[in-house]
Asks: 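The following block contains the structure, expressed as structure tokens.
Here the structure is a predicted model, which means the values were calculated and not measured. Hydrogens, waters and symmetry mates play no part in the numbers below; they use all other heavy atoms, side chains included.
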Amino acid sequence: MTAFHHTTVLKKETVDGLLVREGGIYVDMTLGGGGHSEEILRRGGNVIGIDQDSVALRAATERLGPFGNRFTPVKRNFREIKAVLREQALEAVDGVLMDLGVSSPQLDDAERGFSYMQDAPLDMRMDRENAFSAREIVNGFSEEELESIIREYGEERWAKRIASFITEARKKKTIETTGELVQIIKAAVPKGARRDGPHPAKRTFQAIRIAVNSELDVLETALADAIDVLRPGGRISVITFHSLEDRIVKNTFQTAAAGCICPKEYPVCVCGKKPTVRIETRKPILPGEEELEENPRARSAKLRIAEKR
């Protein structure tokens with residue numbers, strides 16, 4: 001079996017936030033290496049673990065095998081949480097967690113094509129059964145579409161130049177590998193801008209990965225569905241790794257926590273909207289110095305928690 005060793009980020013804080021109770025049912029919508037699920041199981045909960053990555057699912061299933069039928073693995077995208085629960089004959093659960101982003105094994109496995117540090121075929125698919133990959137975006141999208149993706153999902157100031165350089169390069173030959181793409185991006189980003197800050201390809205690779213896996217397109221709906229399936233008093237813990245994800249989580253929680261949305265000039269409420277959650281983290285929980293020393297990739301992690309009313 002392919003090795004899948006992943007350091008769980010904010011494990012204690014995330015599971016503490018769920019207030020795990022003996023016999024409760026919890027959904028890990030992004031199972032990954034199974035670290036958070038293992039902690040829930042140790043505390044007496046039952047876990048339904050969802051992941052679209054077959055390698056991660058197999059590894060987590062092996063890791064969590066000692067817990068028997070208290071752990072149920074499901075290969076699906078997290079946007080399908082309601083369908084998954086219907087299949088399990090469940091209407092509501094006691095807690096939900098999401099650990100968003102790319103896992104260390106996905107980044108470290110060169111052939112997956114997520115990393116700008118290793119040369120590999122352009123891929124970036126979390127679910128390798130999908131036909132659509134980074135290769136299709138890089139070689140098939142128009143210059144305007146590429147610029148929009150890189151600017152919006154990567155928050156890259158040089159999006160226009162990078163998109164232009166990509167479209168010019170692919171006129172000569174199809175761009176096949178991450179290494180080729182990195183060299184194109186480096187040529188597009190002015191030398192002075194490459195001296196400071198992250199790797200010049202970091203934001204573009206993030207943007208393409210998000211587009212390949214439709215990560216942000218489904219996140220808001222998945223969050224709303226996760227809140228919807230919680231029992232009163234149930235909690236949701238969400239870890240994000242970049243500002244776009246965190247903004248969606250923050251705004252979704254705030255919308256769910258808000259009451260009446262009628263214009264202020266209305267004398268009485270006519271919308272009838274009631275708060276559905278109470279936000280438990282006014283500011284996100286961040287990794288401590290000890291965790292950062294052990295796992296530098298946790299540096300950008302933010303945890304937000306809300307409770308169903």
Asks: Would you please test E39 and R43 for salt bridge (Lys or Arg N to Asp or Glu O under 4.0 Å) and show each step?
Replies: CA-CA 6 Å; E39 186 64 22; R43 299 187 189 192; 3.0 Å; yes
Asks: Please set out all donor-acceptor pairs under 3.5 angstrom arising from side-chain atoms of residues 254-271, sequence neighbours excluded.
Replies:
from, atom 1, to, atom 2, distance (Å)
T255, OG1, N251, O, 2.9

Asks: We want to know whether N139 and T174 form a side-chain donor-acceptor pair, criterion being a heavy-atom distance below 3.5 angstrom.
Replies: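 No - no donor-acceptor pair under 3.5 Å links their side chains.
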Asks: Considering residues at least two apart in sequence or located in another chain, which fulfil the salt bridge (charged side-chain N to carboxylate O under 4.0 Å, His left out) criterion with E152?
Replies: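 Counting only residues at least two positions away or on another chain, E152 forms no salt bridge (charged side-chain N to carboxylate O under 4.0 Å, His left out).
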Asks: Is it true that atom CD of E220 has more than 12 heavy atoms of other residues, nucleotides or ligands lying nearer than 6.0 Å?
Replies: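 Open.
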Asks: I would like to know whether D119 and T177 meet side chain to side chain donor-acceptor pair (under 3.5 Å); could you show each step before the answer?
Replies: CA-CA 6 Å; D119 192 23; T177 71; 3.1 Å; yes
Asks: With sequence neighbours left out, write down each residue that passes ring pair (Phe, Tyr, Trp, His ring centres under 6.0 Å) with F78, or none if nothing qualifies.
Replies: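 Scan of F78 (ring pair (Phe, Tyr, Trp, His ring centres under 6.0 Å), adjacent residues dropped) gives none.
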Asks: Of the non-hydrogen atoms in F241 and S300, which two are nearest, and what is the gap between them?
Replies: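 In this case the closest contact between F241 and S300 is O-OG, 3.1 Å.
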Asks: Evaluate whether atom NZ of K173 has more than 12 neighbouring non-hydrogen atoms of other residues, nucleotides or ligands under 6.0 angstrom away.
Replies: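 Enclosed.
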Asks: Kindly say whether I227 contributes a backbone atom to a donor-acceptor pair with the side chain of K308 at under 3.5 angstrom?
Replies: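 It does hold such a pair.
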Asks: Counting only heavy atoms not in K12, do more than 12 sit closer than 6.0 Å to its NZ atom?
Replies: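 At most 12 heavy atoms, drawn from other residues, nucleotides or ligands, come within 6.0 Å of this atom.
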Asks: For residues L64 and L41, determine if any side-chain heavy atom of one lies less than 4.5 Å from a side-chain heavy atom of the other.
Replies: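 Result yes, sub-4.5 Å side-chain heavy-atom pair found.
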Asks: Is any side-chain heavy atom of R125 closer than 4.5 Å to one of V212?
Replies: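 When only atoms from C-beta onward are counted, R125 and V212 do touch, with a gap below 4.5 Å.
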Asks: Scan for side-chain hydrogen bond (donor to acceptor under 3.5 Å, both in side chains) pairs involving residues 65-79, sequence neighbours excluded, and state none if there are none.
Replies: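 The answer is Q52-N77, K75-D127, R76-E80, R76-E87.
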Asks: Could you work out the complete set of other residues in the hydrophobic cluster of L19, with links drawn between I, L, V, M, F, W and Y side chains under 4.5 Å apart?
Replies: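 Cluster partners of L19: none, it stands alone.
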Asks: Of all residues at least two apart in sequence or in a different chain, which pass the ring pair (Phe, Tyr, Trp, His ring centres under 6.0 Å) check with F253?
Replies: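 Applying ring pair (Phe, Tyr, Trp, His ring centres under 6.0 Å) to F253 gives none.
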Asks: For E111, which residues count as a side chain to side chain donor-acceptor pair (under 3.5 Å) partner, sequence neighbours excluded?
Replies: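 Testing E111 for side chain to side chain donor-acceptor pair (under 3.5 Å), a comparison that skips the adjacent residues, returns R128.
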Asks: Using modelled atom types only, decide if a donor and an acceptor are shared between the side chain of T178 and the backbone of A120 within a distance under 3.5 Å.
Replies: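 Answer holds: yes.
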Asks: With sequence neighbours left out, write down each residue that passes side chain to side chain donor-acceptor pair (under 3.5 Å) with R209, or none if nothing qualifies.
Replies: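 So R209 forms a side chain to side chain donor-acceptor pair (under 3.5 Å) with E215.
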Asks: Could you list all the ring pair (Phe, Tyr, Trp, His ring centres under 6.0 Å) pairs where at least one residue sits in residues 97-151, not counting sequence neighbours?
Replies: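 For residues 97-151: Y116-H199, Y116-F205.
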Asks: Quick check: does any side chain N or O of N213 sit under 3.5 Å from a backbone N or O of M124, one acting as donor and the other as acceptor?
Replies: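 Yes; judged by distance alone, with no hydrogens or angles, the pair exists.
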Asks: Is the number of heavy atoms from other residues, nucleotides or ligands within 6.0 Å of NZ (K82) greater than 12?
Replies: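 For K82, atom NZ is crowded (more than 12 foreign heavy atoms under 6.0 Å).
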Asks: Does a donor on one side chain and an acceptor on the other come within less than 3.5 Å for S133 and D123?
Replies: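 Looking only at side-chain atoms, D123 and S133 do not form any donor-acceptor pair under 3.5 Å.
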Asks: Enumerate the residue pairs fulfilling salt bridge (charged side-chain N to carboxylate O under 4.0 Å, His left out) with a member in residues 133-144, sequence neighbours excluded, ordered by first and then second residue.
Replies: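 Pairs touching residues 133-144 that pass the test: R135-E176.
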Asks: Any idea which heavy atoms bring A134 and I208 closest together, and the distance?
Replies: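 What the structure gives for the nearest pair is CB-CG2, 3.7 Å.
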Asks: By the side-chain hydrogen bond (donor to acceptor under 3.5 Å, both in side chains) test, which pairs, at least two apart or in different chains, include something from residues 283-294?
Replies: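 Every pair satisfying side-chain hydrogen bond (donor to acceptor under 3.5 Å, both in side chains) with a residue in residues 283-294: there are none.
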Asks: What I want to find out is whether E155 reaches R151 closely enough, with some N-O distance under 4.0 Å, to be called a salt bridge.
Replies: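 Salt bridge: no.
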Asks: When the side chains of residues 232-239 are checked against the rest of the protein, which donor-acceptor pairs come out under 3.5 Å, sequence neighbours left out?
Replies:
from, atom 1, to, atom 2, distance (Å)
R235, NE, E307, OE1, 2.8
R235, NH1, G17, O, 3.1
R235, NH2, E280, OE1, 3.2
R235, NH2, E307, OE1, 3.2
S237, OG, T14, O, 3.1

